[in-house]
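The chains referred to below are lettered A, B, ... by the order of the sequence lines, with proteins before strands, and numbering in each begins at 1.
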There are 2 protein chains.
Amino acid sequence: MSAVETVIGTTSSWDLYERGCPSRDLLDRIGDKWSILVLGELGEHGRSRFTELRNRLSGVSEKMLTQTLRALESDGLVLRTVHARVPVRVDYELTALGQTLRAPLRALTEWSLQHTDEVLAARAAYAARVEQGA
Amino acid sequence: MSAVETVIGTTSSWDLYERGCPSRDLLDRIGDKWSILVLGELGEHGRSRFTELRNRLSGVSEKMLTQTLRALESDGLVLRTVHARVPVRVDYELTALGQTLRAPLRALTEWSLQHTDEVLAARAAYAARVEQGA
DNA sequence: GTAAGTAGCCACCTTTTGGTAAGTTGACCA
DNA sequence: TGGTCAACTTACCAAAAGGTGGCTACTTAC
């Protein structure tokens with residue numbers, strides 16, 4: 001059987017540890033740098049326009065932003081609404097599915113913010129150890 | 001001021017939405033495909049050897065596995081122990097810091113497993129829509 | 001004496017990713 | 001007449017990621 005118990009009481013037909021597993025690909029996608037930030041922004045600010053996102057995500061290029069938004073839309077996480085007035089106006093917001101990702105993602109971003117100092121310290125210590133050892 | 005409230009009651013000196021933010025880099029690192037899987041494996045199985053990990057992470061190359069483990073070690077998330085017997089034996093396990101990542105990461109992998117079907121359906125629908133629209 | 005096993009490293013090469021910059025659409029404004 | 005705005009799209013190019021295969025050291029087992 002290919003079903004795997006990841007946590008007691010939870011079964012799924014997918015196995016993250018198998019190559020080509022769609023869940024693994026999905027994980028890779030939502031773990032993507034810009035995806036995380038876009039989803040975070042839309043989660044916090046709600047419906048936003050393209051330029052708003054571009055301005056709030058420091059360092060993102062238009063190309064990357066478009067690409068990320070398209071992927072998220074295709075995955076059913078983000079809803080894209082085009083207003084046919086001039087100039088064109090486009091809104092992005094989380095779908096219901098996208099909303100379910102907020103908690104897990106926030107847990108991760110929170111962890112990252114809270115432990116950055118420790119990690120930076122660990123890196124410094126590691127670099128020092130390597131310098132010594134070598 | 002550069003401090004930012006991410007969640008009520010939580011402050012940090014970092015801002016994920018600023019380019020060059022170390023937390024953003026860190027997030028990118030732990031959101032990495034192989035990092036997630038290695039941390040997951042070590043979280044579930046506990047202390048493991050190099051070849052055990054290689055065998056359990058279907059599709060990983062030795063190069064990638066080494067690279068990922070080194071990065072996690074340098075970040076203070078994984079402890080690497082070399083036993084100087086012959087043939088060499090090396091163990092990897094989560095550090096205390098690494099343990100604190102288990103919950104957030106599990107939340108994300110769980111989400112991924114549970115919603116893969118919905119996302120696949122959304123992708124199919126999106127592809128159909130594009131085909132129609134174009 | 002030689003093959004096997006562990007835990008890698010290194011050089012080479014291909015694929016993918018991502019940045020920059022320019023073009024597009026279509027109404028409206030000076 | 002031509003410049004502007006929003007939200008892209010496209011082409012081109014550089015950088016980075018990642019795969020492959022060969023090499024290492026050391027000892028035990030055949």
[options]: which one has an atom nearest the side-chain heavy atoms of [X]?
{"X": "B/K63", "options": "C/dT20, D/dC8, D/dT20", "answer": "D/dT20"}
{"X": "A/F50", "options": "D/dC8, C/dG8, D/dA11", "answer": "D/dC8"}
{"X": "B/M64", "options": "D/dG19, D/dT9, C/dA7", "answer": "D/dG19"}
{"X": "A/P87", "options": "C/dG5, D/dA7, C/dG26", "answer": "C/dG26"}

Looking at every strand, decide which applies to [X] at a 4.0 Å heavy-atom threshold: base, sugar-phosphate, or nothing.
{"X": "B/R49", "result": "sugar-phosphate"}
{"X": "A/Q67", "result": "nothing"}
{"X": "A/R70", "result": "sugar-phosphate"}

statement: DNA chain C nearest-nucleotide lookup for B/Y92 and A/S61: closer to the 5′ end is B/Y92
query: More 5' along DNA chain C: A/G59 or B/T51, using each one's nearest nucleotide?
result: B/T51
- request: Could you state the atom-to-atom distance from CD of A/E62 to P of D/dC5 in whole Å?
  value: 13 Å
message: Any carboxylate oxygen within less than 4.0 angstrom of a Lys/Arg side-chain nitrogen, looking at B/R24 and B/E18?
response: no
message: Any side-chain N or O of B/R89 below 4.0 angstrom from OP1/OP2 of D/dT27?
response: no
message: On a heavy-atom basis, which atom in A/Y17 and which in B/E44 lie closest, and how many Å separate them?
response: OH-OE2, 3.7 Å
statement: All heavy atoms of A/L97 vs all of A/G76, minimum pair found to be CB-O, 3.7 Å
- request: Quick one: do A/S48 and A/R56 satisfy side-chain hydrogen bond (donor to acceptor under 3.5 Å, both in side chains)? Show the steps, please.
  value: CA-CA 10 Å; A/S48 305; A/R56 289 202 290 251; 2.9 Å; yes
